[in-house]
Amino acid sequence: LSTKDESLISKIGTSVTTVGVGGGGTQSFSEGSASLNLDYQNLAPYYALIPDRTDWKRPYQKFSGGTQLRYNPGPKTVAKIYAGYDYTSLAFLEDERKTDLKEDNLYLNGTFRHTTTNGYKLFGGAAFSLLNKRTASALLSGDLYRNKEWELHTKVKGEKRYSSFFKWQVGIESMVRGLEDQYTFDFDHKNDITHSINSMFTTASFTLSDRLTTSVSSRVEYTTANKEWNFLPRLALNYNLKDFYISAIAGRY
């Protein structure tokens, strides 16, 4: 996904609903901007007015926040950092068992783009996500189930358009993933898995006419889960019919 490279206007805003409040703003400065947004939701007032069949001991609550920093020292350089976090919790009584759920969700990313004086476009980025769930009395009263998932994604690439006919791109990428499950009652059962996919890729793009373009690409991946190498060649044709595109793609994905 992509976000704005710069924010030229400083602004602030708030929101109030029957189940929550929120607010945030952006401060712009000469070489970038900083943004912060906070939000809190609680469904207790809603259930007080419109009860349902669930015996809520702690109705759904969520706190979330996000911040972004953008740095633009010049027209050819952009650096961005984003951080987002939310905490969710709820508890209810069912069949004399109080189920209590708490969840943390964290996401961080940083990207850097720079265009050199000889026309090379360089990109580097990293992202990290974490989901941490704890459920008390998930299946039986007094048990505890924990689930933790995380992923680290890094990518570096460079590209250059050598002419109106030819553009070339090359890069490396790595995705490291972890999963941890733990169930505790009278016994303790735990699964812990960590694996990665590491790859190199290159793409050659050709502009055959004003309407017709083609690209030839390949990707080499090594997967630690099964200790295998994979070669993934790909070919794509794109034809522009003004209001829409016709594409033909073949290859291994």
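At most 12 heavy atoms of other shown residues, nucleotides or ligands fall within 6.0 angstrom of atom OH in Tyr245. Within a 6.0 Å sphere centred on CZ of Arg234, heavy atoms belonging to other residues, nucleotides or ligands number more than 12. Heavy atoms of other residues, nucleotides or ligands lying less than 6.0 angstrom from CG of Asn191 number more than 12. Applying the 6.0 Å contact sphere to OH of Tyr46 captures no more than 12 heavy atoms from other residues, nucleotides or ligands.
Side chains of Ser141 and Arg97: no donor on one and acceptor on the other come within 3.5 Å. Side chains of Thr224 and His195: no donor on one and acceptor on the other come within 3.5 Å. If you check the side chains of Glu228 and Asn230, you find no donor sitting under 3.5 Å from an acceptor. In this model, a donor atom of one side chain and an acceptor atom of the other lie less than 3.5 Å apart for Thr26 and Ser35. Gln182 and Asp188 are linked by a side-chain donor-acceptor pair at a separation below 3.5 angstrom, with hydrogens and angles left out of the test.
The aromatic rings of Trp168 and Tyr162 are tilted relative to each other, their planes meeting at an angle between 30° and 60°. Between Tyr183 and Phe187, the angle of the ring planes lies from 30° to 60°, which puts this pair in the tilted group.
No path of Ile, Leu, Val, Met, Phe, Trp and Tyr side chains, each step under 4.5 Å between heavy atoms, connects Ile249 with Leu237, placing them in separate hydrophobic clusters.
Side-chain atoms of Ser174 never come within 3.5 Å of backbone atoms of Asn198 as a donor-acceptor pair (strictly under, hydrogens ignored). Looking at Asp143, its side chain does come within 3.5 Å of a backbone N or O of Ala138 through a donor-acceptor pair. Remark: the backbone N or O of Tyr85 is not paired with any side-chain donor or acceptor of Ser64 at under 3.5 angstrom. One N or O on the side chain of Ser209 and one on the backbone of Leu212 form a donor-acceptor pair closer than 3.5 Å. For Asn240 (side chain) and Lys242 (main-chain N/O), a donor-acceptor pair under 3.5 Å exists by modelled atom type. Thr202 contributes a side-chain N or O that, together with a main-chain N or O of Gln169, makes up a donor-acceptor pair within less than 3.5 Å. Without hydrogens or angle criteria, Thr116 side chain to Tyr120 main chain gives a donor-acceptor distance under 3.5 Å. Here the side chain of Ser129 pairs no donor or acceptor atom with the backbone of Tyr107 at under 3.5 angstrom. Not one N or O on the side chain of Ser215 forms a donor-acceptor pair closer than 3.5 Å with the backbone of Ala204. When atom types are taken as modelled, the side chain of Thr115 and the backbone of Lys121 share no donor-acceptor pair closer than 3.5 angstrom.
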Next item on the list: In sequence, state the C-alpha distance, the side-chain angles, and the governing distance for Tyr87 and Gln61, and then conclude on side-chain hydrogen bond (donor to acceptor under 3.5 Å, both in side chains).
Entry: CA-CA 8 Å; Tyr87 171 77; Gln61 305 177 51; over 6 Å; no
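Considering CG of Asn72 and OG of Ser33, their distance stands at 7.0 Å, rounded to 0.5 Å. Note that CZ of Arg252 and CD of Glu221 are 9.5 Å apart. Values are rounded to the nearest 0.5 Å. Going from atom CZ of Phe128 over to atom CG of Leu152 covers 7.0 Å, rounded to the nearest 0.5 Å. In this structure, CZ on Phe63 lies 11.5 Å from OG1 on Thr88, to the nearest 0.5 angstrom.
In this structure, Asp181 does not pair ionically with Lys148, as no charged nitrogen and carboxylate oxygen lie closer than 4.0 Å. Ionic pairing of Arg219 and Glu173 is present here: one or more N-O contacts between side-chain nitrogen and carboxylate oxygen are shorter than 4.0 angstrom. Electrostatic pairing of Arg134 and Asp100 does not count as a salt bridge here, judged by no charged N lying under 4.0 Å from a carboxylate O.
Residues satisfying the salt bridge (Lys or Arg N to Asp or Glu O under 4.0 Å) test with Lys57, not counting sequence neighbours, are Asp55. Remark: Pro45 engages Asn42 in a side chain to side chain contact (heavy atoms under 4.5 Å, CB included) (not counting sequence neighbours). Under the ring-ring contact (aromatic ring centres under 6.0 Å, His included) criterion, Phe165 pairs with Phe206, not counting sequence neighbours.
With contacts defined as side-chain heavy-atom distances shorter than 4.5 Å, the pair Leu131/Glu103 qualifies.
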